[in-house]
Amino acid sequence: MRHKRRICVADETPLPRIDITRPHQARVWNYWLGGKDNYPVDRELAEQLRQVYPGMEDIARHTRAFLGRAVRYLAEEAGIRQFLDIGTGLPTVDNTHEVAQRVDPTCRIVYVDNDPLVLVHAQALLTSHPLGACDYIEADVRDPGAVLDFAAKTLDLTRPTALILLGVMGTVFDDDQAYALVEGLLDALAPGSHLVFEDGTKTVNPDAAAEAERLRDEGKVYSYRLRTPEEISRFFDGLELVEPGVVSVSRWRVEAGVFGVPDEVDAFCGVGRKP
C-alpha cells in the first residue's frame with residue numbers, strides 16, 4: 001500500500017486564484033511534455049513559441065530526461081537518499097520520487113513550488129513508497145529560510161541531500177541575487193550534498209532563442225533570464241563538478257545511440273558535489 005504526506009504552505013496568506021487568462025510557465029512546459037494540465041492560453045503561447053523556436057519542445061523533453069538520469073546517478077552511484085526539488089512544476093511521468101524510490105524505497109523527497117496549480121495537483125505528486133516519504137511545500141526560492149524550515153520536517157539536513165533547481169533561477173533576473181540564493185541553500189546542506197542545476201541559454205540557436213524571449217516579453221507573459229553556459233557554471237563555484245561538467249542537457253551522461261551523440265539544445269546543466 002502507498003501513502004501520501006501532508007501539504008505545507010510557507011505562509012498563512014490565502015492561495016491566489018488560478019488565472020487561466022494568462023499563460024503560465026509550468027503549464028506551457030506541461031503541454032510540451034504531452035501533459036493535460038494546461039489551458040487554451042497556455043497551448044496558444046506554446047505553439048507561438050514553437051513557431052519561432054522549433055526546438056523548444058526538444059528542450060523540455062531533454063531537460064526531463066536529464067532529471068531522470070541525474071536522480072538515478074545520485075541514488076545509485078552517489079548514495080543520496082534525500083532530495084529537495086525546488087520549482088518542481090506540474091507532475092508528469094518519472095517524477096523525482098518515482099525515480100529515486102525505484103533505486104531505494106526509503107528515499108525521502110520534498111517538492112517545492114510557488115504555483116497554486118501545482119498545489120492543486122499535489123495529491124498526484126505526493127504518492128510515496130511506504131518505506132520512504134514525500135512532502136510538498138508551497139513556497140518560493142526567493143525565501144530560502146521558509147523552504148529549509150519546512151523541508152527539515154521531512155528531511156534530515158545534517159545528512160547529504162540533493163538540491164534540484166531545474167529552470168528555476170532564470171526567473172531570478174539579478175545575477176548577484178541568483179548566485180546568493182543558491183549559495184545560501186547549499187550552505188545549509190551537509191557535506192556530500194549535491195546540486196543538480198539547469199537553466200535556459202541562447203547559445204545553440206541564439207537568433208531563435210532571442211525571438212522566443214522577445215515574444216514572451218512583448219506579450220507580458222512569464223519572463224525568463226537566459227544565461228550563458230559560463231554564467232551557469234558559476235552556480236557550481238566551490239563544488240566538485242561531476243563529469244562531464246556543465247553541458248547541454250541532451251549530453252549529460254547520456255549513452256550515445258546508433259546515430260551518435262545527441263545534438264545540443266539551448267539548456268545547460270550540471271551536477272556538483274559539496275566537499
Side-chain angles (χ1 to χ4, degrees), residues 25-26 28-29 49 52-53 55-56 58-67 69-70 73-74 84-89 112-114 140-144 147 162-189 193-217 221-254 261-275:
Q25 181 182 6
V28 170
W29 278 68
L49 288 170
V52 300
Y53 194 153
M56 291 293 256
D58 292 334
I59 292 173
R61 291 175 175 173
H62 277 299
T63 298
R64 194 70 191 180
F66 160 66
L67 171 65
R69 295 195 301 272
Y73 163 78
L74 291 172
L84 177 56
D85 189 343
I86 301 178
T88 180
V112 182
D113 207 287
N114 65 354
D140 194 288
V141 70
R142 295 170 182 82
D143 189 0
V147 170
L163 171 63
I164 301 174
L165 293 165
L166 302 191
V168 175
M169 300 315 295
T171 64
V172 181
F173 277 56
D174 182 82
D175 286 338
D176 290 339
Q177 182 188 16
Y179 294 130
L181 286 169
V182 175
E183 183 179 1
L185 287 165
L186 287 169
D187 283 347
L189 303 182
S193 294
H194 286 66
L195 171 65
V196 180
F197 189 95
E198 172 271 332
D199 254 332
T201 63
K202 48 184 175 183
T203 299
V204 177
N205 194 342
D207 292 339
E211 182 64 15
E213 198 171 29
R214 181 198 61 77
L215 181 64
R216 286 194 298 262
D217 290 342
V221 298
Y222 70 86
S223 296
Y224 192 89
R225 160 90 156 86
L226 297 174
R227 292 187 167 92
T228 66
E230 293 74 23
E231 289 169 329
I232 290 173
S233 294
R234 282 190 55 194
F235 287 100
F236 294 95
D237 284 356
L239 304 181
E240 300 167 350
L241 266 175
V242 174
E243 290 294 333
V246 174
V247 296
S248 170
V249 289
S250 59
R251 293 187 170 182
W252 193 88
R253 298 177 78 93
V254 64
V261 178
D263 291 337
E264 288 187 320
V265 297
D266 258 322
F268 276 62
C269 67
V271 175
R273 179 184 181 275
K274 180 178 178 178

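Any value given below was found using the heavy atoms of this structure, including those in side chains, with hydrogens, waters and symmetry copies removed.
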Contact check, side chains of [X] and [Y], non-hydrogen atoms, under 4.5 Å:
X: Phe268; Y: Thr228; result: no
X: Pro229; Y: Thr203; result: yes
X: Phe235; Y: Val246; result: no

Residues which pass side chain to side chain donor-acceptor pair (under 3.5 Å) with Ser193, listed by chain and number, not counting sequence neighbours
none
Could you list the residues that satisfy side chain to side chain donor-acceptor pair (under 3.5 Å) with Arg273, not counting sequence neighbours?
Glu240
Kindly give the heavy-atom pair with the smallest separation between [X] and [Y], and that separation in Å.
X: Thr63; Y: Ala267; result: OG1-CB, 4.1 Å
X: Pro275; Y: Gly238; result: CD-O, 3.4 Å
X: Cys269; Y: Trp252; result: SG-CB, 3.7 Å
X: Phe66; Y: Glu198; result: CE2-CB, 4.2 Å
X: Tyr53; Y: Ala212; result: CB-CB, 4.4 Å
X: Asp199; Y: Gly167; result: OD1-CA, 3.3 Å

State which residues pass salt bridge (charged side-chain N to carboxylate O under 4.0 Å, His left out) with [X]; sequence neighbours excluded, sorted by chain then number.
X: Arg227; answer: Asp175
X: Glu264; answer: none
X: Lys274; answer: none

Between [X] (side chain) and [Y] (backbone), is there a donor-acceptor pair under 3.5 Å?
X: Thr88; Y: Asp113; value: no
X: Arg251; Y: Val261; value: no
X: Arg253; Y: Pro244; value: no
X: Ser250; Y: Asp263; value: yes
X: Asp140; Y: Asn114; value: no
X: Asp266; Y: Gly200; value: no

Checking Ile164, Val271, Val182 against Leu195 for side-chain contact (heavy atoms from CB on, under 4.5 Å), the one that qualifies is Val182
Could you point out which residue of Leu84, Leu163, Leu74 forms a side-chain contact (heavy atoms from CB on, under 4.5 Å) with Val196?
Leu74
With rounding to the nearest 0.5 Å, note down the distance linking [atom1] in [X] to [atom2] in [Y].
X: Arg142; Y: Met169; atom1: CZ; atom2: CE; value: 7.5 Å
X: His194; Y: Leu189; atom1: NE2; atom2: CG; value: 12.0 Å
X: Asp176; Y: Leu181; atom1: CG; atom2: CG; value: 11.0 Å

For Arg234, check side-chain contact (heavy atoms from CB on, under 4.5 Å) against everything at least two apart and list the hits.
Tyr179, Asp237
